[in-house]
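One structure is given here, and the rest of the page talks about it.
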Amino acid sequence: FYLQGIRIEGEYAGGDLVHFENSDHLWLSKLTLTGVGDVRDYGGPQEVLKVNQSTQVYVEDSDLSGGWDQALDFVAVRYGHVSGNRFHRAGDWCVYVKGGSAYLRIEDNEIYDCGNGGFTAGQGTGLEFMQEPWVHYEAYDVQFVNNLVHDTDGAGFGTNGGYNILLAWNTLVRVGRLSHAIEVGFGERSCDGNLVRCQELLNLGAWGTINPGVPELI
């Protein structure tokens, strides 16, 4: 599926501006996706672009802004790249790839005007949203290289619960105003309601919990 040269604006406070799920081979290029609202007061969409349980995803040369949570959120996305984009005006992390996301290259992007932080490989995920065999770490084999991150309240970039993560040749300017410049730590794993699916994955050796509302460190 190719989506090129499209401009979308909206203030859909109940969800995401653009959302792909269970997809294979997505090429998103030269998009302008703008959430309308005060992101610091939970205005606008939750995420500007969300992709989950998908493979071969490519986001290029686009401008994404205005999510009260994220500008870009990947959950359980394997193979692809995010290159030459601008991500900005987000209330939490501007960009994260988590939930067992793997084999991704995040390169040559500008990330700025973010709340909790600029970019993180891994974070915290409900176990039922992950896909085997990527059910241990939050992120695998993610390369975050040659990016410019500036003007973030929290860390410019980092990893939470990641395995074989490369953070290299990036530039940070005016980051960590309320905390720190770079974040490296544990991720979190919870079961967000689908107890049957959580138990299935635990039986296969996944790391996590079946106790709703009680996250575990990963």
ILVMFWY cluster membership beyond Y96 - transitive side-chain contacts under 4.5 angstrom:
W93

Tracing side-chain links under 4.5 Å among I, L, V, M, F, W and Y, which residues wind up in one group with Y103?
Y79, W134, Y137, Y140, Y163, W207, I218

Give the table of side-chain donor-acceptor pairs shorter than 3.5 Å for residues 109-132, with sequence neighbours excluded, one pair per line with atom names and distance.
| residue | atom | partner | partner atom | Å |
| --- | --- | --- | --- | --- |
| N109 | OD1 | G84 | N | 3.3 |
| N109 | OD1 | N85 | N | 2.9 |
| N109 | OD1 | N85 | ND2 | 3.0 |
| N109 | ND2 | V82 | O | 2.9 |
| N109 | ND2 | E107 | O | 3.0 |
| N109 | ND2 | N147 | OD1 | 3.0 |
| E110 | OE2 | H150 | NE2 | 2.8 |
| Y112 | OH | R86 | NH2 | 2.3 |
| T120 | OG1 | G122 | O | 2.9 |
| T120 | OG1 | G158 | O | 3.4 |
| T120 | OG1 | N160 | ND2 | 3.0 |
| Q123 | OE1 | K98 | NZ | 3.3 |
| T125 | OG1 | G99 | N | 3.2 |
| T125 | OG1 | E138 | OE1 | 2.8 |
| T125 | OG1 | E138 | OE2 | 3.1 |
| E128 | OE1 | D192 | N | 3.0 |
| E128 | OE2 | D192 | N | 3.0 |
| E128 | OE2 | G193 | N | 3.1 |
| E128 | OE2 | N194 | N | 3.2 |
| Q131 | OE1 | R78 | NH1 | 2.7 |
| Q131 | OE1 | R78 | NH2 | 3.1 |
| E132 | OE1 | R197 | NH2 | 3.0 |

V173: which other cluster members, linking ILVMFWY side chains closer than 4.5 Å, directly or transitively?
L148

Linking directly or through intermediates, with side-chain heavy atoms under 4.5 Å: list the remaining ILVMFWY members grouped with V196, chain and number order.
none

Judged by atom type as modelled, is there a donor-acceptor pair below 3.5 Å linking the side chain of N170 to the main-chain atoms of F144?
yes

Under the side chain to side chain donor-acceptor pair (under 3.5 Å) test, residues paired with H136 that sit two or more places apart
none

For a quick test of your reading: what N or O donor-acceptor pairs under 3.5 Å do the side chains of residues 21-34 make, sequence neighbours left out?
| residue | atom | partner | partner atom | Å |
| --- | --- | --- | --- | --- |
| S23 | OG | E21 | O | 3.2 |
| W27 | NE1 | E60 | OE1 | 2.9 |

Of all residues at least two apart in sequence or in a different chain, which pass the side chain to side chain donor-acceptor pair (under 3.5 Å) check with Q4?
none

With sequence neighbours excluded, residues passing salt bridge (Lys or Arg N to Asp or Glu O under 4.0 Å) with D151:
R174

Suppose we screen for salt bridge (Lys or Arg N to Asp or Glu O under 4.0 Å). Which residues come up paired with E11, at least two apart in sequence or across chains?
none

Residue pairs, two or more places apart or on separate chains, that pass salt bridge (charged side-chain N to carboxylate O under 4.0 Å, His left out) and touch residues 153-166:
R40-D153, D153-R177

Sub-4.5 Å side-chain heavy-atom contact between V145 and L166
yes

Side chain to side chain donor-acceptor pair (under 3.5 Å) partners of E188, counting only residues at least two apart
none

Step-by-step side chain to side chain contact (heavy atoms under 4.5 Å, CB included) determination, L202 to Q199
CA-CA 5 Å; L202 289 173; Q199 188 61 64; 4.0 Å; yes

